[in-house]
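Counting begins at 1 with the first residue of the sequence. For ligands, and for the atoms within them, numbers begin at 1 and follow the listed sequence.
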Amino acid sequence: MRLSVIGCGYVGLVTGACLAEAGHDVMCTDIDAARIAQLNAGGVPIYEEHLEEVLASARKAGRISYTTDTGEAIRFGDAIFICVGTPPREDGSADLSAIDHVAQQIAGEARSSKLVVEKSTVPARTGIELRRALSAYSRGGNISFSVVSNPEFLREGTAVFDFFHPDRIVIGVDDESAAQKMREIYGPILEHKFRCPVHKGPCPAEPKTEFLVTTINSAELIKHASNSFLALKISYANVVADLCEKLDGNVEQVTHAMGLDPRIGGQFLKAGLGFGGFCFPKDIQAFIQLASTVGVDFEILKAAERVNKERIDRFLGKVNKALWVVKGKRIAVLGLAFKANTDDIRFAPAIDVIKRLLEEGAQVHASDPEAVEKTKKVLPTVTFHADPYETVRDAHAALVCTEWAAFKNLDWERAGKLMARKLVVDGRNLYSPKKMADLGFEYYSFGRS
Ligand code: UDX
């Protein structure tokens, strides 16, 4: 099928490339001419595993193209995937102006009926408003627009895997024919008729992907409810960690045992510095905001957000307690990205930690396998190193902020010899307290005495 993708940010890039690799003809557009130029020159503007290869394969097959001409892209596709940003506004609600702008463009440029697919994360009722806007902006012309909500559940770092191996594909529609067209679009994924860029050989057997058809409002709610619940799980584990510190428990063992109960599930119970990234923090706020507009006080999410914000204070509390005086100390920070396997530092806890250390007069040396270039722009006074061992050299403390494998496998015997003081404060519970103690380290982490 001929598909258009409007917005080549993270979601649009992955969606466009993977749909092309799945066999569709895809034309992508973005208002950022430099980004389109980079893509047309064969570049990939983000670090995401397997994306470069998927794009190269789709390009070679001539199934993907990039243009700055939004009209051309709109006229190209039978279905148009809206993947523009919906950043948070002051009050936490989602800014939908980019979606509205795209609606005006679609109504103005379309020359045939279109399926308009909402891929951006939006609050419930957006699709209904989008449909109303499209008909208003097309002044009752004879072109019809069928709106679909199709939330994505891609995780940064595993997005290509998540696209080709989804747990579920959620479709919010008004009419069966739209659902049918969406089933056609996702047909290659559902029938496993694609060359998997992740598994070189046959893909491992896995539960069948559920193709879930519901209303537009419910589909939009599913996205916010899912992300908010995952964030809630993390904050719950973090409060349990605080309890473990007070009651001499071990949060890793507690959450492991909890997770053995399939009603709870073991994922997203990892205590530590808390959640960051461009999804959880803003989706929680948008969901709380949405709820308040209909008189629902989402207290439980407000608590999860508060718990998450306090992680930085608790972490710095450990650093201050261990160092006594932070001013003038040389501190190594291992990890800048909001999580491993991405170069994304949006709402990354490490950035807040460093800002606070700098305010207290510390000298900060930092390292991250992928996120240094992006961090240099926001924290120019930090000294960056590619090599984690150079980062900890002469340091009075090493702080672990991101769970990269490179840090998990660090040789602390070697690192300890380079440090001014063998002190590690671990914000991601990467190491065994016993092993670190045996190596002669003062070692602090979350929820493990
Ligand atoms: C998330 C959702 O997982 C994805 O489905 C959605 O489409 C977009 O938002 P992402 O933001 O890429 O994806 O990151 P995710 O892997 O979910 O991690 C979010 C944050 O939670 C990270 O900061 C991570 O470090 C933290 N986290 C995750 C924990 O602190 N503990 C955990 O157990 C899991």
Side-chain angles (χ1 to χ4, degrees), residues 9-15 46-49 51 83 85-86 119-122 150-163 165-170 219-220 222-241 251-252 254-256 258-259 264-287 304-305 307-312 314-315 335-353 368 370-371 400-405 407-408 426-430 445-447:
Y10 181 82
V11 171
L13 275 173
V14 174
T15 302
I46 60 168
Y47 168 79
E48 183 63 39
E49 219 179 344
L51 183 58
C83 300
T86 54
K119 198 80 178 141
S120 308
T121 299
V122 293
N150 174 216
E152 52 78 21
F153 302 98
L154 308 175
R155 293 164 296 168
E156 293 194 29
T158 59
V160 172
F161 171 86
D162 294 342
F163 195 95
H165 300 274
D167 308 320
R168 76 279 210 213
I169 294 173
V170 173
E220 292 162 338
I222 288 168
K223 171 67 186 196
H224 271 153
S226 303
N227 263 6
S228 300
F229 185 76
L230 290 172
L232 196 60
K233 261 186 109 172
I234 297 166
S235 284
Y236 187 89
N238 280 323
V239 177
V240 171
V251 72
E252 303 289 315
V254 172
T255 53
H256 174 64
M258 287 169 60
I264 301 173
Q267 296 196 50
F268 282 65
L269 286 175
K270 196 117 187 54
L273 254 179
F275 56 78
F278 200 58
C279 294
F280 285 3
K282 88 172 163 67
D283 290 352
I284 277 190
Q285 282 196 2
F287 210 24
E305 195 180 31
V307 166
N308 197 61
K309 287 205 174 107
E310 286 165 6
R311 301 322 291 172
I312 308 282
R314 284 180 183 276
F315 185 64
L336 299 162
F338 81 95
K339 66 174 193 177
N341 307 323
T342 176
D343 62 352
D344 197 341
I345 58 169
R346 292 176 294 178
F347 299 93
I351 305 301
D352 293 338
V353 166
D368 187 286
E370 291 292 341
V400 180
C401 292
T402 313
E403 64 284 6
W404 284 97
F407 302 142
K408 185 152 181 61
D426 180 358
R428 295 296 178 184
N429 287 359
L430 290 188
S445 63
F446 279 103

Original post:
Below 4.5 Å, heavy atoms only, C-beta onward: do Val251 and Asn429 meet side chain to side chain?
Top reply: yes
Original post:
When you measure from the side chain of Asn238 to the backbone N and O of Gly272, does any donor-acceptor pair fall under 3.5 Å?
Top reply: yes
**OP:** Please write down residue, atom name and distance for the protein heavy atom closest to atom 9 (O) of ligand 1.
**Re:** Cys279 CB, 3.0 Å
Original post:
For ligand 1, is any non-hydrogen atom under 4.0 Å from Glu152's backbone (N, CA, C, O), its side chain (CB onward), both, or neither?
Top reply: both
Subject >> atom 34 (C) of ligand 1: nearest protein contact (heavy atom, Å) >> reply: Phe268 CD2, 3.5 Å
Original post:
Out of Phe347, Phe446, Phe338, who gets a non-hydrogen atom closest to atom 25 (O) of ligand 1?
Top reply: Phe338
Original post:
Considering only heavy atoms, does Lys223 approach ligand 1 within less than 4.0 Å through its side chain, its backbone, both, or neither?
Top reply: side chain
Original post:
More than 12 heavy atoms of other residues, nucleotides or ligands under 6.0 Å from OH of Tyr47: is that the case?
Top reply: yes
Original post:
Among protein heavy atoms, which lies nearest atom 20 (C) of ligand 1, and at what distance?
Top reply: Phe275 CB, 3.5 Å
Original post:
Tell me, which protein residue and heavy-atom name are nearest atom 19 (C) of ligand 1, and how many Å apart are they?
Top reply: Phe280 CE2, 3.6 Å
Original post:
Partners of Pro166 by side-chain contact (heavy atoms from CB on, under 4.5 Å), sequence neighbours excluded?
Top reply: Ile169, Ile189, Thr209
Subject >> Closest approach of any protein heavy atom to atom 5 (O) of ligand 1, naming residue and atom >> reply: Phe153 O, 2.9 Å
Original post:
Taking side chain as C-beta onward, heavy atoms only, is Leu273 less than 4.5 Å from Ile312?
Top reply: yes
Original post:
Passes side-chain contact (heavy atoms from CB on, under 4.5 Å), Arg428 versus Phe446? Steps please.
Top reply: CA-CA 8 Å; Arg428 295 296 178 184; Phe446 279 103; over 6 Å; no
**OP:** Decide yes or no on side-chain contact (heavy atoms from CB on, under 4.5 Å) for Phe153 and Asp162, but give the supporting numbers first.
**Re:** CA-CA 7 Å; Phe153 302 98; Asp162 294 342; over 6 Å; no
Original post:
Among protein heavy atoms, which sits nearest to atom 15 (P) of ligand 1, and what does the distance come to when rounded to 0.1 Å?
Top reply: Lys339 NZ, 3.5 Å
Subject >> Any donor-acceptor pair under 3.5 Å from Lys408 side chain to Leu430 backbone >> reply: yes
Original post:
Under a heavy-atom criterion of less than 4.0 Å, does Glu403 contact ligand 1?
Top reply: yes
Subject >> Minimum-distance protein heavy atom relative to atom 33 (O) of ligand 1 >> reply: Lys270 N, 2.8 Å
**OP:** For Asn227, take its heavy atoms, then give the atoms of ligand 1 lying under 4.0 Å from any of them.
**Re:** 2 (C), 4 (C), 5 (O), 6 (C), 8 (C), 9 (O)
**OP:** Measure Thr342 to ligand 1 on non-hydrogen atoms and call it side chain, backbone, both or neither using the 4.0 Å cut-off.
**Re:** neither
Subject >> Rounded distance [0.5 Å steps], CD in Glu48 versus CD in Glu156 >> reply: 7.0 Å
Subject >> Test log, rule side-chain contact (heavy atoms from CB on, under 4.5 Å), inputs Leu230 and Phe275 >> reply: CA-CA 10 Å; Leu230 290 172; Phe275 56 78; over 6 Å; no
**OP:** Check each heavy atom of Phe278 against ligand 1 and say whether those closer than 4.0 Å belong to the side chain, the backbone, both or neither.
**Re:** neither
Subject >> atom 3 (O) of ligand 1: nearest protein contact (heavy atom, Å) >> reply: Arg155 CG, 3.2 Å
Subject >> Region of Leu154 that comes within reach of ligand 1 [heavy atoms, distance under 4.0 Å] >> reply: backbone
**OP:** Could you tell me whether Arg428 approaches ligand 1 through its side chain, its backbone, both or neither, with non-hydrogen atoms closer than 4.0 Å?
**Re:** side chain
**OP:** May I ask whether Gly276 places a heavy atom under 4.0 Å from ligand 1?
**Re:** yes
Subject >> Sub-4.5 Å side-chain heavy-atom contact between Tyr10 and Thr342 >> reply: no
Subject >> Under 3.5 Å donor-acceptor, Lys223 side chain and Asp283 backbone >> reply: no
Original post:
Do Leu269 and ligand 1 have an N or O pair less than 3.5 Å apart?
Top reply: yes
